[in-house]
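What follows is a set of notes on a single structure, which appears directly below.
Note that the structure is a prediction, hence the values are computed from the model and not measured.
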Amino acid sequence: MGSQLVQTLRQGVWASLTGGWYHDPDQNKFNNSCHLYLWMFLLMLPLLLHLALPPTTMALSIYCTSVTIFFITIKMVNYRLHVMFDEGDVVTPSSLSDVIQGAENKSNTSDSSGGPTHRLPLPAPHHPCTQAPASENAPRNLSGEHTPFSPPFLPSTHSSSPSPSQNLPSDVTHPPPLHPPPSPLLPTPPINQYSSQTVGADSQGQEEDSINESSETSTQEKPSPKLYYKLKLFPGKWVNILYDRLTLLALLDRNQDVVENIVAVFLAFLVAFLGFILLNHGCFKDIWVFQFCVVIASCQYSLLKSVQPDAASPTHGHNQIVAYSRAAYFCIFCGLIWILEQMLRRKDLPVSTVYVLSVSCSTGLTFCFPITFVLGLFPQINTFMIYLLEQIDIHFFGGTAATGLHSAVYSIFRSLTALSLLYGFCFGALKEPWDEQHTPALFSGFCGLLVVLSYHLSGQNSDPTVLMSLIKSKLMPTLVDSEEDSEDIKDPLPEKLINSVKEILLSDLVVCSIAYILTFAITSSTVFLSLKVVLYALAGTVGFVTHYLIPQLRKHHPWFWISHPVLKSNEFSQYEPRDNAQLMWFERLYVGLLCFEKYVVYPAIILSALTNDGFLLSHRKKLGIHCDVLLMTVAGMKLLRASFCNPSFQFLTLIFTIVFFEFDCSRASETFLLDFFIMSIVFHKLSDLLHKLNFIMVYIAPWQIAWGSAFHAFAQPFAVPHSAMLLLQTFITTLFYTPLSPFLGRCDDNNLNSIFYEYLTRSLQHSLCGDLMLGRWGNYSSGDCFILASDYLNAFVHLIEIGNGLVTFQLRGLEFRGTYCQQREVEAITEGVEEDDSCCCCEPGHLPHVLSCNAAFNLRWLAWEVTTTKYLLEGYSISENNAAAMLQVYDLRKLLISYYLKSIIYYLIQSLKLQTWIKDPSITKALVSYTKWHHIERDPAVFSVKTDEDYVHCLQGVTRASFCNVYLEWIQYCANKLEEPVDCDEDSPLITLCYALSVLGRRSLGTASHNMSNSLESFLYGFNTLFKGDFRIATKDEWVFTDMDLLQKVVVPGVRMSLNLTSTRSDHFTCLEEKEEPAILYEAISNYKTSLVICHESDPAWRKAFLSSRDTLLTLRHMVDDGTDEYKIIMLYKRHLSFKVIKINKECVRGLWAGQQQELVFLRNRNPERGSIQNSKQALRNMINSSCDQPLGYPMYVSPLTTSYMGTHKQLRSIWGGPLSLDGIKTWLLSKWVRKDNLTSCNSGVNMEDVDCAGGGSSLSHNPNSITSQSLSLYQARPNRTSQANRQHTAGLVLYRRGTHDTFKGIVHPSYNIKLVSLPG
């Protein structure tokens, strides 16, 4: 504990204060000295220049130039050294005798530029105790004896002049190393961890002394041989470097490419420029000058050697982005101070107090840089940019969310594009004053365009990936097809998303056209001038009923007083629902009110405000024409987009706006549109503040504190969610909206159970958006977090983006068999409080359908609430069967082998290659021994009387005769099912092939069981090996390699089918006799072959079956738990799973994740039983922390960001009729017109036998019931007109649809055309 604390203080706290510099006792003196001198240079340079020189441009130029040259030099040398290591240009030293010999051989040459060297990928590690064998090429001492390698005599720079001390030429030939070099991907071995030396032509003793002085690493033994790298300076000139990559990485951070080096140099220059500018302007005095120079040095030093780990880093070790964060933040704040200082110098500044306050805040934050980075208050610079752009897009343009930096830039770009287009129309409309009774056409066009663009942008995802895929599929279909063909398993999800986006775009084309015409027509009139009060009342009433009353009545505990929902779903009282959730009347009402609110009420309110404000601004400009137009355009677009996306809290914002600006601060009111716009931002921040305060109060309530480890008590004052000491940070984070972290995810676990959560993600993608719009999850907003809890599946769902008809979410799967703490929290979720009768210390009971006082009190002190108890979602239920318990009995093991062989025979005969295999001469030649009736297979490790039905005890083996005695009937039955006859008598080649495959299958099982098949453990191990498709073929069975389909499509399916048959029979002992009949067994195998997927979980077919949503799957899983091996037969059935939906305070999730990041990464708490992951029922701490990304949590599955569209929800589609499109409208009109034509012709009284009502290509697809009943009644009214000849035929109805026909069987589908014909009987 003490050493960990010292390491945390040294490498964490102190390094964060200084920007990365600290003394590391594990590094050598050279590295530590370089770090100290670098930091001192960066600190003293600006301080001395500021004190010694006057604040002029010359001093600024000297400082910036010095820093730039300094960083360019260091970055260039560092980059060149890493390139040298990557190229692996190694120079191996030679002995003195080889040097002399090389000098004699080259005595006639002069002015050479350097001798040849051996280019090796990387030096090989050489054990110090290993010596080279004596050979002619081995180095010798002066007496001629063989010696190990000694330090070389190499000149520092190769040139034409010989070494001055040894008088030897430099172009000597060096022998190759004695050991082969390793892979270039491997790092340089740590045995050469010396400081950088430019080896000159000094004596051997001097070189040894220099090396000994600088080599104080953890490796005590000196390497042998010492290897040098060639650092090329000029063509033909290089320097030999005795150094290694690990020591260089400990000295300086590596920049991967030239662009990173340029960015680092530019940031260093910018830090120097802005910092010295502020010093010259006199912003800092006395001791604060030194403090500011410390901040400058820390920001520049982090570009050379960053903090590892940083308090804001979500990963251990070096984080490349964190290296730039400190310098980037410094540039932002100093640039802000500089700009505000320049603005303060203006005489006509209207609100100088605001600028002074801004300068003071920025200066204070700059001074506190070391402290803020220690506490991790500033996120990574890329995260900061994402959320800065996201908040601008949300609060100013009505955006939804950003899923990354590219998404944020794309969202801002499309919002600015729409804004620029709208600005021109609005400017033209407000430039001249207009009459109260006449609205200019240009302003009406502006309003129509505003509604159209807002509606379109609200329905588009912030991530353009799917949209770009759609464009790519239209412009380059050939390229898309080639990519799909290259994939082994085709995922249907991308195509489904593309179709949804395409459907939305086609619908927007129609809806936007209609909306533009209606908006233009309405705003051209004066209807909005007198409806303002009516619209406000309507919006408040509809919002209260839709977003407060109905959700409260549908909650599990309405108002935390009622013990059950008032508006119950149809599945509420069902124990195990089997069908889809039924659509209730209040869900239809909710959807109707929601659509009326978001598409009628709020657009009307905003258009009314635009019309009234536009009339006022056209006559009186308040802030100038350009500023007024910009504010009106921004406010209108933001409010419309927010209303279209999610109007859950719009009615509260509207009420607060009216009350505050009409009664409380009427003097502060500008225009209603601007008031509504400002209040929407303020209300959003107040809502976040309320969630933060609720989480802190619930978490630190005295009666709910549960202390954990000693480290937890120590870290209590420092971690954000563990203490009330940092309430100030709550207000600051509310203002700046600290980032949701982590954001991007992936399937990052190889656990086989993760496939269940992947399928759950697909199910949510299909139905989540529709269920949210039906109110089945209660009120929701962007950033909300939910937990789906069932018997064995517990998933964490994070809503990332809420759009108009779309929801982007991320699912995180928790462990199946959770820890003790997780189970306690699951129990807290599932346990009911309806039976609680206590009130304080007594139990007086409670009123009917009402909770007790204690239960109501406890529910209010939770950071979560149950919103739905019976939420149905399509998934897979798991049925487990212990294979060891099933196969413990030898009779069932013998049954398994019997089914194994019968399944092999089935798949062999059903194969299309059967005739090819029978007639193959190589197979026939290899199976000659199996054609003999006296041939006996006598392998005691394979065949046994306990497991083989065809085992002959007296012969101690299996023969062809015994095999035919047992399996001939089955072979002949399967062969008779073929369309083409095949010879299947006892001497036929088919019997020979079946017999050979039966021997091969059993021998493979024996080999996989290590020839110990009598042991249950070995038998299960071998069978599991074959189930996976891993076969070890004996020499005598190599004939099967003639065609690998014999193994892959005959033997492997046979193994898997036999397990299913045995498992089914062991579960239903009443069917023992029936399964022995060949007909029943054949039908069972045929049904299972088509309806059941049997394979191992690592097989790609398993994932393909999941993605294809197959109904039933079976697998054999090997589980190792606490050192015990278990084999489970797992059967999966697709059905509707029932979940409880628990809504969690989103600030609770963000706070706990932030605390885990600080505790695990920065403070390096490695205690697996730390207090921060102990169960906390009031906050579900363990479930939330375990769902975070690694290394902070340990989720079983993390899905990618997935978007759900409302168009894929069938029940919601049945309410609103689906998206509008030109083809849909055309089809609807044609169907209505054709229906009218057909009804007229069929009701004209013409004989049904003479006239075909559906002839001529007409369609009665929308209302066939009247025609069908009339046809049947006419037919039944004329029974005597049917002659004796016609009695041989049956009058019927043939159903035609898309060129296919089915015989009428009493059911008429509304989409079929009906025709009365005569069918042969």
Side-chain angles (χ1 to χ4, degrees), residues 883 886-909 930 932-975 984-986 988 990-1009 1011-1016 1018-1020 1022-1023 1026-1027 1037 1050-1051 1053-1066 1068-1069 1071-1082 1084-1085:
M886 183 185 74
L887 298 177
Q888 185 70 37
V889 183
Y890 274 107
D891 290 342
L892 286 176
R893 218 179 300 178
K894 179 184 291 187
L895 181 66
L896 176 64
I897 298 297
S898 175
Y899 282 144
Y900 176 29
L901 302 184
K902 288 182 179 180
S903 299
I904 290 176
I905 294 170
Y906 172 86
Y907 285 105
L908 173 67
I909 297 177
Y930 294 98
K932 302 175 182 178
W933 287 88
H934 60 274
H935 176 73
I936 305 174
E937 290 288 339
R938 284 196 183 96
D939 192 345
V942 176
F943 305 100
S944 172
V945 68
K946 299 178 181 179
T947 57
D948 298 298
E949 292 186 359
D950 55 347
Y951 187 83
V952 182
H953 191 273
C954 60
L955 298 177
Q956 299 295 312
V958 175
T959 64
R960 181 186 176 104
S962 62
F963 174 79
C964 292
N965 187 39
V966 177
Y967 299 104
L968 180 62
E969 181 184 2
W970 172 248
I971 296 174
Q972 292 177 345
Y973 184 86
C974 294
C984 55
D985 58 7
E986 295 182 351
S988 63
L990 176 60
I991 302 297
T992 304
L993 185 57
C994 292
Y995 176 50
L997 284 175
S998 70
V999 173
L1000 180 145
R1002 283 179 280 191
R1003 187 178 287 124
S1004 300
L1005 178 59
T1007 303
S1009 303
N1011 297 325
M1012 299 173 60
S1013 57
N1014 288 330
S1015 171
L1016 178 60
S1018 299
F1019 181 83
L1020 289 173
F1023 191 84
L1026 298 188
F1027 192 89
D1037 296 327
V1050 175
V1051 182
V1055 174
R1056 295 170 177 176
M1057 181 60 70
S1058 64
L1059 179 67
N1060 173 55
L1061 295 173
T1062 308
S1063 175
T1064 305
R1065 187 170 183 184
S1066 65
H1068 305 85
F1069 287 101
C1071 303
L1072 287 175
E1073 298 300 327
E1074 296 179 358
K1075 283 295 182 84
E1076 295 300 328
E1077 296 294 331
I1080 298 177
L1081 180 60
Y1082 186 90
I1085 296 178

Between the CG atom in Leu997 and the OG atom in Ser1004, the distance rounded to the nearest 0.5 Å is 10.0 Å

Is atom CD of Gln956 surrounded by more than 12 heavy atoms (other residues, nucleotides or ligands) closer than 6.0 Å? yes

Salt bridge (Lys or Arg N to Asp or Glu O under 4.0 Å) with Asp948: of Arg893, Lys894, Arg1003, Arg1002, only one passes, and it is Arg1002

Separation between OG of Ser998 and OH of Tyr967, rounded to the nearest 0.5 Å: 7.5 Å

Distance check, rounded to the nearest 0.5 Å: Tyr906 atom OH versus Met1057 atom CE? 7.5 Å

So is Arg938 actually on top of Phe943's ring, under 6.0 Å and inside 45° of the axis? no

Could you give me the CA-CA distance, side-chain angles and deciding distance for Trp970 and Ile909, then say whether side-chain contact (heavy atoms from CB on, under 4.5 Å) is met? CA-CA 11 Å; Trp970 172 248; Ile909 297 177; over 6 Å; no

Any donor-acceptor N/O pair, Thr1062 side chain to Ser1058 backbone, under 3.5 Å: yes

Using side-chain contact (heavy atoms from CB on, under 4.5 Å), reason through Phe1023 and Leu1059 one step at a time and then give a plain yes or no. CA-CA 9 Å; Phe1023 191 84; Leu1059 179 67; 4.0 Å; yes

Answer yes or no: is there a side-chain heavy-atom contact under 4.5 Å between Leu1016 and Gln888? yes

Taking side chain as C-beta onward, heavy atoms only, is Val966 less than 4.5 Å from Leu901? no

Mind checking whether Lys902 and Tyr1082 have side chains closer than 4.5 Å, heavy atoms only? no

Decide yes or no for His935 and Tyr995: does some side-chain heavy atom of the first lie under 4.5 Å from some side-chain heavy atom of the second? yes

Less than 4.5 Å apart, any side-chain heavy atom of Thr992 and any of Arg960? yes

Any idea which heavy atoms bring Ser1063 and Met886 closest together, and the distance? CA-SD, 3.7 Å

Within-4.5 Å side-chain heavy-atom neighbours: Leu1026 and Tyr900: yes

Intermediate values then yes/no, side-chain contact (heavy atoms from CB on, under 4.5 Å), Val999 and Val958: CA-CA 9 Å; Val999 173; Val958 175; 5.5 Å; no

Are Ile1085 and Tyr899 packed together at the side-chain level, in the sense that at least one heavy-atom pair is separated by less than 4.5 angstrom? no

Hey, mind stepping through Ile905 and Tyr973 against side-chain contact (heavy atoms from CB on, under 4.5 Å) and telling me if it holds? CA-CA 11 Å; Ile905 294 170; Tyr973 184 86; over 6 Å; no

What distance separates Leu896 CG from Tyr890 OH, expressed to the nearest 0.5 Å? 14.0 Å

Test item: Thr959 and Trp933 side chains (from C-beta on) under 4.5 Å apart, heavy atoms: no

